[in-house]
2 protein chains.
Amino acid sequence: MKATFSPPEPELMTQADVRTRLLTAAEKLFAQHGPAATSIRDLAREAQVNVAAINYYFGSKENLYLETLRQAFRASREVMPRFDALAQEAQATGTVEAAHTALRLYIEEFMKSLFVSDESDRHMRLMAREMSDPTPALDAVIDEFIEPKSNILKQLVAQARPDLDPETEVPFYALSIVGQCLHYRLTQPVILRLMKREKMTSEMLDQISVHIAAFSLAALSR
Amino acid sequence: MKATFSPPEPELMTQADVRTRLLTAAEKLFAQHGPAATSIRDLAREAQVNVAAINYYFGSKENLYLETLRQAFRASREVMPRFDALAQEAQATGTVEAAHTALRLYIEEFMKSLFVSDESDRHMRLMAREMSDPTPALDAVIDEFIEPKSNILKQLVAQARPDLDPETEVPFYALSIVGQCLHYRLTQPVILRLMKREKMTSEMLDQISVHIAAFSLAALSR
DNA sequence: AATCAATTTAAACACTTGTTTCAATCACTT
DNA sequence: AAGTGATTGAAACAAGTGTTTAAATTGATT
C-alpha cells in the first residue's frame with residue numbers, strides 16, 4: 001500500500017526551514033551558473049537537504065526555479081518605489097528640467113542596481129539570464145518587473161520630450177537608454193577586457209553613469 | 001590488440017565530407033541552442049553521421065565547438081572590409097559630415113548583420129552567446145572580431161567629435177552606440193514581447209536603425 | 001503511551017550525457 | 001586480387017540527470 005503525500009500549502013509555510021534554505025541555495029546557484037547547469041544534487045548539497053526535498057516541497061526543479069525567480073523580483077520590486085518616487089516628483093514639478101534630473105538619477109540608480117554586488121546583484125543576474133536565455137518563466141519577469149520599470153522610464157522620456165508620440169517614438173528612446181545600461185551588464189566580460197580592467201569598480205560605474213546620462217540627455221535635447 | 005587511429009590533418013581536408021557536414025550542423029545547432037544544450041547525438045543526427053565521428057574528427061565536443069567558433073568569425077571577418085571601406089572613405093573626405101553619414105551606414109549595416117537570418121545570423125548568434133555566457137573561446141572572438149570592429153567605430157566617433165579624448169572619452173561613445181544595437185539582439189525575446197510582435201521584421205529593423213542613428217548623432221552633435 | 005500524518009532518508013529508477021570500443025567496411029596501393 | 005590503413009557503425013561504457021519509491025523518523029494529538 002503506497003502512502004500518498006500531499007505537499008504542504010506554500011502559504012502556510014509550516015516547517016519553513018527546509019523550504020527557505022532551499023530557496024536561498026537556489027537563488028545563489030541559479031544566479032551563479034544558470035538553471036541548466038545547476039543540478040538538484042548541487043542544490044541539495046548547498047542547502048544541506050535531501051535531494052527528494054526539492055520534489056517534495058516544489059514538485060520539480062523547474063518549479064523551484066520559477067519560485068526562485070518570483071521571490072527574486074518580489075524583492076527587487078521593493079526597490080521600485082524609489083524609481084516611482086523619482087518619476088512622480090518629476091511629474092509634479094512638470095518642467096523639462098525636472099525630467100532631465102530625474103533621468104540622470106534614474107540612470108545612476110539603474111546602473112547601481114545592475115552592479116552592486118550583494119543580494120540585488122543575484123536578483124539582477126537571474127533576470128538578466130532570463131532575458132538573454134529565456135525559460136517559460138520569462139513572461140512573469142516581464143509582467144512584474146520589466147514592464148513597470150520600463151513604463152516609468154517612458155514617462156520620464158515623454159516629459160522631457162512632449163513632442164514625441166508616446167506610442168511610436170517614446171519606446172525607442174527608452175530602449176536606447178536601457179540598452180546602453182544593460183550593455184555593460186550583459187557583455188561585462190567583453191567590456192572589461194576591452195578596457196583592460198580586471199573588475200568593475202565603483203569609480204568606473206560613476207563614470208559610466210555620467211556618460212550615459214550625458215549622451216542620452218544630449219540625444220533628447222532638440 | 002587495439003588499433004590506434006590518428007585523426008587526419010585538418011589542413012589536408014581528406015574526406016572533407018563528414019568533417020564539414022559536422023561543422024555545418026554544429027554551427028546551426030550551437031547557434032540555435034548553445035553548446036550546453038546541444039548533445040553530440042543531436043549533432044550526429046543533424047549531420048547524418050555516426051556519434052563516434054565527432055570524437056574521431058574533433059577529439060571532443062568542446063573542440064568541435066571551438067572549431068565552429070573559429071570558422072564562424074573567420075567567415076564574419078570577410079564582411080569586415082565593407083565596414084573598413086566605410087571608415088576609410090570617411091577619413092579620406094575628412095569632414096564631420098562624412099563621419100556622420102558613415103556612422104549612419106555603420107549602424108544600419110551592423111543592425112542588419114545582427115538580424116539578417118542566414119549564415120551571418122548564425123555567426124552573430126554564436127558570438128553573442130559567447131559574449132553573455134563566455135567559454136574559453138571568448139578571447140579569440142574578442143581579438144579577431146570585436147576589437148577590430150570596435151576600432152573602426154571609435155575612429156568614426158573621433159572624426160565626428162575631434163574634441164573628444166581618443167583614449168578616455170571616445171570608447172564610451174562607441175559603447176553607447178554598440179550597446180543600443182546589441183540590446184535588440186541580446187534581449188530580443190523581451191523586446192518583441194514589449195512591442196507586442198511575433199518576430200523581427202525588416203521594417204522594424206529599418207525603423208530601429210534610423211532611430212539609433214538619429215539618437216546617437218544627436219548625442220554626438222554639440 | 002498510542003496513533004497518525006508530516007517529514008526525512010537512502011536507494012533505485014529510467015533516461016541522457018560524452019566518450020570508447022572493436023568489428024565491419026571502404027578506398028587505395030602493391 | 002590481396003593487403004593495408006583510414007573510416008564507419010552499433011553497442012557498450014561510466015557518470016550524471018530529474019524523479020519516484022517505500023521504509024524510517026519525527027512531532028504533535030488523542
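Note: hydrogens, waters and symmetry copies are ignored here, and every other heavy atom, side chains too, is used. Sequence lines set the chain letters: A, B, ... in the order given, protein chains first and strands last, and positions in each chain run from 1.
The shortest distance between the side-chain N/O atoms of A:Y57 and the OP1/OP2 oxygens of C:dT8 is below 4.0 Å.
The CZ-C1' distance, from A:R21 to C:dT7, rounds to 13 Å in whole Å. Following rounding to the nearest Å, B:Q48 (CD) and D:dA10 (C1') show an atom-to-atom distance of 17 Å. Rounded to a whole Å, the CZ atom of A:F58 is 16 Å from the P atom of D:dT20. Whole-Å rounding puts the A:R45 CZ to C:dA10 P distance at 14 Å. What separates CG of B:D17 from C1' of D:dT8 is a distance of 13 Å, to the nearest Å. Rounded to whole Å, the distance from CZ on A:R19 to P on C:dA6 is 16 Å. Regarding A:N63, its CG atom lies at a distance of 14 Å from the C1' atom of D:dT19, rounded to whole Å. If you take CG of B:N50 and P of C:dC26, they are 15 Å apart, rounded to a whole angstrom.
In this view, A:Y173 and B:H211, B:F215 satisfy the ring pair (Phe, Tyr, Trp, His ring centres under 6.0 Å) rule, not counting sequence neighbours. The ring pair (Phe, Tyr, Trp, His ring centres under 6.0 Å) check on B:Y65 picks up B:F30, with sequence neighbours excluded.
In this structure, A:E89 places its CD atom where only 12 or fewer heavy-atom neighbours from other residues, nucleotides or ligands lie under 6.0 Å away. Crowding of B:E147 atom CD: a count of heavy atoms from other residues, nucleotides or ligands under 6.0 Å exceeding 12.
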Shorter than 3.5 Å, N or O on both sides, protein versus nucleotides 16-18 of chain C: list them out with atom names.
| residue | atom | partner | partner atom | Å |
| --- | --- | --- | --- | --- |
| C:dG18 | OP1 | B:K61 | NZ | 2.5 |
| C:dG18 | OP2 | B:I40 | N | 2.8 |
| C:dG18 | N7 | B:R41 | NH1 | 2.8 |
| C:dG18 | O6 | B:R41 | NH2 | 2.8 |

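B:R193 and A:D143 are joined by a salt bridge, as a carboxylate oxygen and a charged side-chain nitrogen come within less than 4.0 angstrom of each other.
Nearest to the side-chain atoms of A:Y56 among the listed nucleotides D:dT7, C:dA6, C:dT20 stands C:dA6.
Checking A:D42 against A:S39 by side-chain atom types alone, a donor-acceptor pair falls below 3.5 Å.
At the heavy-atom level, B:A53 lies nowhere under 4.0 Å from the strands shown.
Here the closest heavy-atom approach between residue B:L126 and residue B:A31 is recorded as CD2-N, 3.7 Å.
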